[in-house]
Amino acid sequence: MPDLNLREGYEREGFAVLADPVLPSSVVTAALDGMNSIRRGEYDRREPPESSLWNPGEDPDTLCKIEQPQKASQGVFDLIRHPTVGKLAAEVTGADWVQVWWVQLLYKPSIEASDSARVNIGWHQDRHYWQSWEEGSELLTAWIALSDVGVDSGPMRFVAGSHDWGFLDGASDFKGQDVEAVRSGIQIPDDRTWEEKPALMRAGGLSLHHCLTFHGSTANRSGRPRMSFAVHLRTQNSRPVNNERKSLTRFIDDETVCPVIYSSR
Ligand SMILES: O=C(O)CCC(=O)C(=O)O
């Protein structure tokens, strides 16, 4: 039975949070092993991840973001293709088909107060970075927690209802470390307010967010790493620009990288 409250919340706020674990702990544990191996540069699947901002051996005290890690780890692949992820994405969107099209490994170390500027993720709409998709494409993200995410872990913060503000070109800055400065550059529509909501969850929980929902995060001060995968999804209502396969859409015909994780057709 679809959870209508989940869908209603997603449509109203532009995100939904499943705070309790929805994925089996064995799947989460295997993905965690995969994450640790990839961070060491050890791969047990087809090939290395795609070119990334962070590479094995680099500074452990900065945000680690690795592109397409499912290519390099069976445990990660099994997590991102878990049917629960597809079912929940279908529930919030009403879609009859869901595919993973890109994945990012995100490891945010816990750091000292003085060092906050190295791990922040500035406010952004994902759509800004996803111009390989035709306008109006239905794109969303499942952010899967591999560690408990509390208020002190530098959780993702969503701006409730901002998916209805339209695409605000030029306002996004994922790399912007001064999050207040990024925020001051965002033109909030006259009849709207900026209301931030943290996505708190336990390991094995997840959030889903719309590609126009503003979000960002600040430092992790929990004393433990914040570990997750951002799994970028599309529904049947999406198409690459000119139907070309390039840049971020270049893997979509390869289901060993971009599995279809829901279909009711
Ligand atoms: O992990 C974060 O704090 C932000 C991740 C993000 O921007 C995303 O999943 O779209």
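In each ligand, atom 1 is the first atom listed, and ligand 1 is the first ligand listed. Given the structure is predicted, the values throughout are model-derived calculations rather than measurements.
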Query - Any H124 heavy atom less than 4.0 Å to ligand 1 - result: yes
Query raised in the report: At a non-hydrogen distance cut-off of under 4.0 Å, which region of R226 contacts ligand 1 (side chain, backbone, both, or neither)?
Result: side chain
Query raised in the report: Is the shortest side-chain N to carboxylate O distance from D254 to R46 below 4.0 Å?
Result: yes
Query raised in the report: Do the charged groups of R221 and D152 touch, with an N to O distance under 4.0 Å?
Result: no
Report summary line: Within 4.0 Å of some non-hydrogen atom of W143, the atoms of ligand 1 are 1 (O), 2 (C), 5 (C), 9 (O)
Query raised in the report: Do the non-hydrogen side-chain atoms of I121 and L63 ever get within less than 4.5 Å of each other?
Result: yes
Report task. Check ligand 1 against I121 and write out every atom of the ligand that is under 4.0 Å from a heavy-atom position of the residue. Result -> 1 (O), 2 (C), 3 (O), 4 (C)
Requested in this report: Please state whether H209 comes within less than 4.0 angstrom of ligand 1, counting heavy atoms only.
Outcome: yes
Report task. List every atom of ligand 1 that sits less than 4.0 Å from any heavy atom of M156, numbering the atoms from 1 in the order shown and giving each element. Result -> 2 (C), 3 (O), 4 (C), 5 (C)
Query - Atoms in ligand 1 flagged as close to L106, the criterion being non-hydrogen separation under 4.0 Å - result: 1 (O), 5 (C)
Query - Near-ring test F214/H124, centroid separation under 6.0 angstrom - result: no
Report summary line: Counting from 1 in the order shown, the ligand 1 atoms closer than 4.0 Å to a non-hydrogen atom of F174 are 7 (O)
